[in-house]
Each structure stands twice: as C-alpha cells, then as structure tokens.
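Quick caveat: nothing in here was measured; it's all calculated off a predicted structure. By convention here, the first residue in the shown sequence is residue 1.
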Amino acid sequence: MAKQYSLSDIKTHNDNKSTWIVIHNNVYDVTNFLNEHPGGEEVLLNNAGKEASENFELIGHSSDARELMVKYKIGELVESDRKPVETKIIDWEMYKSTNKTASSSSPSSLNSWLITLSLGLVATIVYRIFLQA
Ligand code: HEM
C-alpha cells in the first residue's frame, strides 16, 4: 500500500525547498521538477502544499504529462481528507442519463403530437372528398 499523507502533512511542503502537490488523491513531490515544468515553477509553487486537481485539469494536461507524474508520486492522501470524487462522477452520470431521458422524450412526444395532427388532417380531407362525392 502506498504511503498515506494527511493534508496537514502536505501543507508544510509549500515552498521551493520541498514542494508537494495533491492531484486526484495522489501526493506528488515536484521539488526536482520545478525547473523542468513546461508551465513554469510559479504555478507549481502557487499550488504547493495543496489539493490542485481542479487547476491541473483546467490546463488540460496531455497524456505525456500524466505519464510523467508517476515519476513524482510519493504516496496518497489519507481516506479521511479525500474529496468525494466518486460521488461527483456518479452525479454526472446521473445528470447525463436524466438529461438523455428528458431530451429524448421531448422529440418523441412532439412526434406523436404531429402524427395525431396529420391523422386529423387526413381524416378531414377524406371526409370532405367523401361529402362532395
Ligand atoms: C506532477 C504534476 C505536474 C506535471 C507532471 C506537469 C507536467 C506538465 C507538462 C508535461 C506540461 C506541458 C504540456 C502538456 O504536456 O500538457 C505542462 C504544462 C503546464 N502545466 Fe503542468 N504539470 C503538473 C502540475 C501542474 C499544476 C498543479 C499546475 C497548476 C495550475 C500546472 C500548470 C501548467 C501550465 C499553466 C502549463 C502550460 C500550459 C500551456 O502552456 O499551454 N501543472 N505541465
């Protein structure tokens, strides 16, 4: 099992002497990466000692960047300090499926309404022709 760190352990590693960052519940020691980071050391130092998943994702880091991270992983965030990431994913899935039902039900109800309307129209025309005959 990977070494577990709490947010209060991580908080103390917040300068260029020791720079730890939490991304997706993994703890990274990027002290030796500061000079190499293509995005510059400033952004890493701004996020030092903190949970930076959102900032990391906002940049849209490449898969190369994600592979590189592995090299700097030193452990994981203790369970009790983790944000409920899984719940977010489930919420999103629920949102998507709710949305899907809502959007797929509206065109189908529109369709059945149109069918009813055109049937009525056809019936009227047939009735008129029949009456005129
Ligand atoms: C271990 C953690 C990290 C690694 C290994 C890493 C790696 C990289 C790499 C390889 C790039 C080049 C572009 C790419 O391949 O996506 C990059 C760009 C960048 N990164 Fe990171 N990064 C890390 C954490 C962070 C964090 C926490 C931030 C905070 C906001 C950040 C901000 C940026 C920015 C601003 C760029 C420049 C994007 C651009 O020029 O378009 N990075 N990073």
Side-chain angles (χ1 to χ4, degrees):
M1 192 168 148
K3 199 165 183 337
Q4 306 285 299
Y5 295 101
S6 71
L7 278 178
S8 54
D9 299 330
I10 296 155
K11 210 161 67 182
T12 59
H13 300 266
N14 61 359
D15 56 22
N16 61 2
K17 285 179 201 73
S18 183
T19 319
W20 291 9
I21 293 179
V22 182
I23 298 167
H24 301 314
N25 297 328
N26 292 317
V27 184
Y28 299 93
D29 180 349
V30 291
T31 320
N32 294 324
F33 180 61
L34 289 177
N35 291 329
E36 293 165 38
H37 183 222
E41 65 174 344
E42 188 73 22
V43 279
L44 292 184
L45 288 171
N46 282 342
N47 289 278
K50 290 191 267 191
E51 153 55 50
S53 310
E54 219 165 300
N55 292 339
F56 180 83
E57 292 303 342
L58 278 174
I59 304 302
H61 279 90
S62 66
S63 50
D64 279 357
R66 287 160 208 272
E67 274 169 36
L68 193 64
M69 290 168 85
V70 181
K71 229 172 93 181
Y72 300 98
K73 181 172 166 177
I74 55 166
E76 290 171 0
L77 193 61
V78 287
E79 202 79 43
S80 53
D81 278 349
R82 291 184 188 194
K83 280 202 222 159
V85 177
E86 287 80 6
T87 323
K88 262 194 187 162
I89 293 166
I90 292 166
D91 281 355
W92 171 237
E93 288 303 321
M94 277 169 64
Y95 170 77
K96 272 203 300 192
S97 61
T98 323
N99 217 30
K100 211 188 283 163
T101 0
S103 60
S104 69
S105 81
S106 55
S108 84
S109 69
L110 183 71
N111 270 352
S112 51
W113 193 81
L114 277 177
I115 290 168
T116 314
L117 189 74
S118 27
L119 275 180
L121 212 66
V122 168
T124 315
I125 293 165
V126 169
Y127 184 65
R128 288 234 160 188
I129 293 169
F130 177 74
L131 270 190
Q132 277 170 8

Participant: Under a 4.5 Å cut-off applied to non-hydrogen side-chain atoms, are I74 and Y28 in contact?
Facilitator: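 Side-chain contact under 4.5 Å: no.
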
Participant: With hydrophobic residues grouped by side-chain heavy-atom distances under 4.5 Å, do W20 and Y72 end up in a single group?
Facilitator: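 W20 and Y72: separate clusters.
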
Participant: D9: what forms a side chain to side chain donor-acceptor pair (under 3.5 Å) with it, not counting sequence neighbours?
Facilitator: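 In terms of side chain to side chain donor-acceptor pair (under 3.5 Å), with neighbours along the sequence ignored, D9 is linked to S6.
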
Participant: Which atom pair, heavy atoms only, marks the closest approach of H24 to S53?
Facilitator: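 It is N-OG, 2.8 Å.
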
Participant: To the nearest 0.5 Å, what is the distance between CG on N32 and CG on N35?
Facilitator: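 If we round to the nearest 0.5 Å, N32:CG and N35:CG are 9.0 Å apart.
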
Participant: Can you find a pair of side-chain heavy atoms, one from D81 and one from Y5, that are under 4.5 Å apart?
Facilitator: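 D81 does not reach Y5 side chain to side chain.
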
Participant: In the structure I gave you, are the side-chain heavy atoms of E76 and N25 within less than 4.5 Å of one another anywhere?
Facilitator: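 In short, these two side chains do not touch, never coming nearer than 4.5 Å.
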
Participant: For a 4.5 angstrom cut-off between non-hydrogen side-chain atoms, does I23 reach I21?
Facilitator: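 Yes, their side chains come closer than 4.5 Å.
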
Participant: Please determine whether residues M69 and L45 belong to a single hydrophobic cluster, defined as Ile, Leu, Val, Met, Phe, Trp and Tyr linked transitively by side-chain heavy-atom distances below 4.5 Å.
Facilitator: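 Yes, one cluster joins them.
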
Participant: If we only count heavy atoms from C-beta on, is the N26 to L77 side-chain gap below 4.5 Å?
Facilitator: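 They are not in contact (no side-chain heavy atoms under 4.5 Å apart), so the answer is no.
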
Participant: Measure the CG-OG1 distance between N111 and T116 for me, rounded to the nearest 0.5 Å.
Facilitator: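 If I round to the nearest 0.5 Å, the distance is 10.0 Å.
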
Participant: Is the closest side-chain heavy-atom distance between I129 and I125 below 4.5 Å?
Facilitator: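 I129 reaches I125 side chain to side chain.
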
Participant: Is the NZ atom of K71 crowded by more than 12 outside heavy atoms at less than 6.0 Å?
Facilitator: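 No, not enclosed.
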
Participant: If I compare all heavy atoms of S18 with all of T31, which pair ends up nearest, and what's the gap?
Facilitator: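 In this case the closest contact between S18 and T31 is CA-OG1, 3.6 Å.
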
Participant: Measure from the side-chain N and O atoms of T19 to the backbone N and O of V30, and report whether any donor-acceptor pair falls under 3.5 Å.
Facilitator: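 Judged by distance alone, no pair lies under 3.5 Å.
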
Participant: Quick one: pull up CG in L68 and OG in S62 and give me the separation to the nearest 0.5 Å.
Facilitator: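 Interatomic distance, L68 CG to S62 OG, rounded to 0.5 Å: 8.5 Å.
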
Participant: Can you tell me how far CG of N14 sits from CG of N47, rounded to the nearest 0.5 angstrom?
Facilitator: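 One finds 11.5 Å between CG of N47 and CG of N14.
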
Participant: How far apart are the closest heavy atoms of G75 and A2, and which atoms are they?
Facilitator: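 Scanning both residues, the minimum pair turns out to be CA-CB, 4.4 Å.
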
Participant: Between H61 and R66, is there a donor-acceptor pair closer than 3.5 Å when you use the side chain of the first and the backbone of the second?
Facilitator: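 The answer is no, because no donor-acceptor pair under 3.5 Å joins these two groups.
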
Participant: Count the heavy atoms of every other residue, nucleotide or ligand shown that sit under 6.0 Å from CD of E42, and state whether that count exceeds 12.
Facilitator: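 12 or below, so no.
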
Participant: Does the side chain of L44 reach to within under 4.5 Å of the side chain of F33, using non-hydrogen atoms?
Facilitator: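 Answer yes - side chains close enough.
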
Participant: How close do V43 and H37 get, heavy atom to heavy atom, and via which atoms?
Facilitator: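 Taking V43 first and H37 second, the nearest heavy atoms are CG2-CE1, 3.6 Å.
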
